[in-house]
Amino acid sequence: MFENPATGSPHLRKSGSKSLFLDPGVSGHLGGVSEMGDLKGSSSPLQITTMVPSPIFLWRFKVVLFLFWALCCCKIGWDSVMRMSIDLRDLFLYEAFLYYNPLLLVTMMVWLWGVNLWVFSQGSVNYAKVFDLDHNHLTHREMWKCSMWMTIIVPTSMTAYLYLYSHGEVSLAASQPVLLYIAFALVLIFPFDIFYLSSRYFLLRTLWRIAFPLQPITFPDFFLADILTSMVKVFSDLERSVCRMVHRQVATIAWFEADAVCGSHQIAIPLVLVFPYICRLLQCLRQYKDTKEKSSLLNALKYSTAVPVIFLSALKYHVMPESWTSFYRPLWLFSSVINSLYSFYWDVTRDWDLSGFTKIFKFSRPSNISYLLYGRQWVYFWVIGSNLVLRCAWTYKLSAHLRHNYITVFTVTAMEMFRRFQWVFFRVENEWNKMTKSHPLAEISLEEDKLLGSTTTHDV
């Protein structure tokens with residue numbers, strides 16, 4: 001209030017040569033505004049503190065939201081499948097599996113690669129130097145962010161496809177996988193500096209070098225090529241899906257026929273299956289040309305053993321049943337055993353070099369991973385034994401005549417992804433050990449690289 005305390009009369013405030021006579025009501029109003037302003041000023045730090053939710057609350061909210069989304073997708077998908085007649089249900093699921101299986105497996109591989117990077121970040125293996133990456137490379141957090149979005153987008157599109165198809169909206173259902181494939185392709189080749197442009201460019205450049213091995217082979221080249229050999233099922237289904245999209249055969253069930261344009265008997269399937277192995281074989285030949293090491297020729301021989309497995313299996317659809325049973329099938333079994341055992345031997349003795357290992361990971365600080373893995377013999381037995389079993393099981397998917405049980409095929413492919421996930425740990429550490437032996441200063445710069453990399457920001 002601006003009243004004179006002695007007389008109670010309104011107080012005169014001078015401003016230069018002018019004076020303002022304030023009415024008691026006006027002055028009371030301004031006094032209230034002033035008090036409210038003081039209250040706001042004094043309480044603003046408290047308000048900012050209380051309005052920002054804690055990270056734990058945000059994490060729990062995201063988990064609850066994700067579980068609610070997953071429950072809705074499962075409920076809608078199940079109801080949609082149950083609406084179909086029993087005689088068409090299997091074909092309906094097979095076709096949905098065909099379109100979405102490649103992207104689901106790619107999503108799984110991205111998740112596992114993020115785990116690989118996280119484990120390497122906890123230890124002394126400098127994967128950035130192994131792959132010759134700059135400080136803008138993606139960390140495990142960025143990989144998990146990408147895989148999380150893929151985990152949300154792909155099943156959502158699949159649920160929409162199931163729902164629309166079962167409710168008679170065939171044209172809208174057919175557009176779902178088409179739009180999804182186009183979106184993924186556009187994000188991958190988007191030329192502007194968003195969505196991790198440098199990492200996408202590195203991936204596309206490496207894929208180009210794999211398809212056309214006309215230059216000296218680097219570690220990222222044959223490392224990614226080896227991973228692609230574990231994803232031949234993805235490329236096979238991807239080829240069939242794109243073929244159906246091009247020929248406008250999406251959301252139909254006639255594709256299962258042998259004489260269909262994109263049917264299961266087409267010659268393109270074994271060609272797609274064998275392509276990653278041919279690329280890897282050519283890399284080995286190029287490496288022999290540059291280094292003159294005989295081990296490169298032996299490695300090329302390993303990849304060549306996959307060729308008869310693939311093409312002998314495809315012959316089942318083009319020869320008489322008696323010829324397949326009496327001649328081609330035993331030959332296919334023999335070539336499968338040779339390929340599995342040769343690949344297993346090469347993994348253990350060459351790619352991993354287990355004979356020279358004294359421990360699995362050389363951790364720079366204690367962690368749960370080091371406690372579980374440090375010098376434990378059971379890890380060696382598990383990795384070697386599981387690698388042998390999964391190497392033999394993977395031959396199942398190289399064979400075109402065994403792919404009609406889509407649940408079994410998906411399980412075997414996911415197991416191969418897990419085998420490759422284990423393989424990555426030993427292969428990258430083996431390469432890092434070679435680098436530190438030939439260049440001792442590389443290990444010294446590890447902590448410096450971590451410090452420099454910790455301040456790196458990424459554009460999204």
Side-chain angles (χ1 to χ4, degrees), residues 61-111 146-188 233-266 269 403-411 413-414:
F61 178 75
K62 292 177 182 178
V63 170
V64 171
L65 195 62
F66 178 81
L67 293 177
F68 176 75
W69 163 85
L71 182 63
C72 291
C73 288
C74 292
K75 174 63 175 175
I76 296 174
W78 176 262
D79 292 342
S80 301
V81 172
M82 291 298 103
R83 286 176 59 92
M84 300 291 294
S85 60
I86 298 178
D87 55 337
L88 298 179
R89 190 174 298 166
D90 286 341
L91 294 178
F92 173 61
L93 290 176
Y94 202 126
E95 186 177 13
F97 169 83
L98 174 67
Y99 299 137
Y100 292 97
N101 170 66
L103 295 180
L104 289 174
L105 291 173
V106 170
T107 301
M108 175 183 174
M109 200 63 190
V110 175
W111 274 110
C146 296
S147 57
M148 176 56 72
W149 279 110
M150 294 171 67
T151 303
I152 294 174
I153 293 173
V154 177
T156 300
S157 176
M158 185 175 181
T159 303
Y161 174 83
L162 296 174
Y163 177 82
L164 293 172
Y165 194 111
S166 63
H167 285 75
E169 300 291 342
V170 179
S171 59
L172 291 178
S175 66
Q176 299 304 310
V178 176
L179 293 176
L180 184 65
Y181 276 59
I182 292 176
F184 269 83
L186 291 178
V187 169
L188 189 61
K233 176 64 172 69
V234 173
F235 300 129
S236 175
D237 287 348
L238 188 64
E239 183 273 332
R240 298 172 69 192
S241 300
V242 174
C243 176
R244 292 184 54 75
M245 293 175 187
V246 172
H247 291 88
R248 300 177 181 273
Q249 295 180 355
V250 183
T252 61
I253 58 175
W255 62 272
F256 201 72
E257 299 175 359
D259 57 348
V261 177
C262 306
S264 58
H265 301 176
Q266 58 175 332
I269 292 178
R403 64 172 175 265
H404 292 304
N405 190 335
Y406 57 89
I407 297 178
T408 304
V409 168
F410 181 83
T411 302
T413 307

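We find the CG-CZ distance between L162 and R83 to be 12.5 Å, quoted to the nearest 0.5 Å. Distance CG/L93 to CD1/I407: 8.0 Å, rounded to 0.5 Å.
Using a 4.5 Å cut-off on side-chain heavy atoms (C-beta onward), V110 and W149 make no contact. Taking the side chain as every heavy atom from C-beta outward, E95 and Y161 approach each other to under 4.5 Å. Within the 4.5 Å cutoff, the side chain of M150 has no heavy atoms near those of the L103 side chain.
Partners of A174 by side-chain contact (heavy atoms from CB on, under 4.5 Å), not counting sequence neighbours, listed by chain and number: V250, A251. Considering only residues two or more places apart in sequence or on other chains, F97 meets the ring pair (Phe, Tyr, Trp, His ring centres under 6.0 Å) condition with Y406. The ring pair (Phe, Tyr, Trp, His ring centres under 6.0 Å) test applied to H167 returns Y163, not counting sequence neighbours. Take T159 and apply the side-chain hydrogen bond (donor to acceptor under 3.5 Å, both in side chains) test, not counting sequence neighbours, and it matches no residue. Residues satisfying the side-chain hydrogen bond (donor to acceptor under 3.5 Å, both in side chains) test with S175, not counting sequence neighbours, are none. Partners of S171 under the side-chain hydrogen bond (donor to acceptor under 3.5 Å, both in side chains) rule, at least two apart in sequence or in another chain, do not exist in this structure. Applying the side-chain contact (heavy atoms from CB on, under 4.5 Å) test to S157 and every residue at least two apart in sequence or in another chain returns Y100, Q176, L180. Taking the salt bridge (Lys or Arg N to Asp or Glu O under 4.0 Å) definition, one finds that D79 meets it with K75, sequence neighbours left out. Every side-chain contact (heavy atoms from CB on, under 4.5 Å) that M109 has, sequence neighbours left out, goes to I227, M231, M417, R420. With sequence neighbours excluded, the residues forming a side-chain hydrogen bond (donor to acceptor under 3.5 Å, both in side chains) with W69 are T156, listed by chain and number. By the disulfide bond (SG atoms under 2.5 Å apart) test, C146 pairs with no residue at all, sequence neighbours left out. By the side-chain contact (heavy atoms from CB on, under 4.5 Å) test, V63 is found to be paired with W59, L67, residues two or more places apart in sequence or in another chain being considered.
Open room surrounds CD1 on I86; 12 or fewer heavy atoms of other groups in view lie less than 6.0 Å from it.
Without hydrogens or angle criteria, S166 side chain to M82 main chain gives no donor-acceptor distance under 3.5 Å. Looking at Y181, its side chain never comes within 3.5 Å of a backbone N or O of L238 through a donor-acceptor pair.
Scanning both residues, L104 and M158, for their nearest heavy atoms gives CD1-SD, 4.4 Å.
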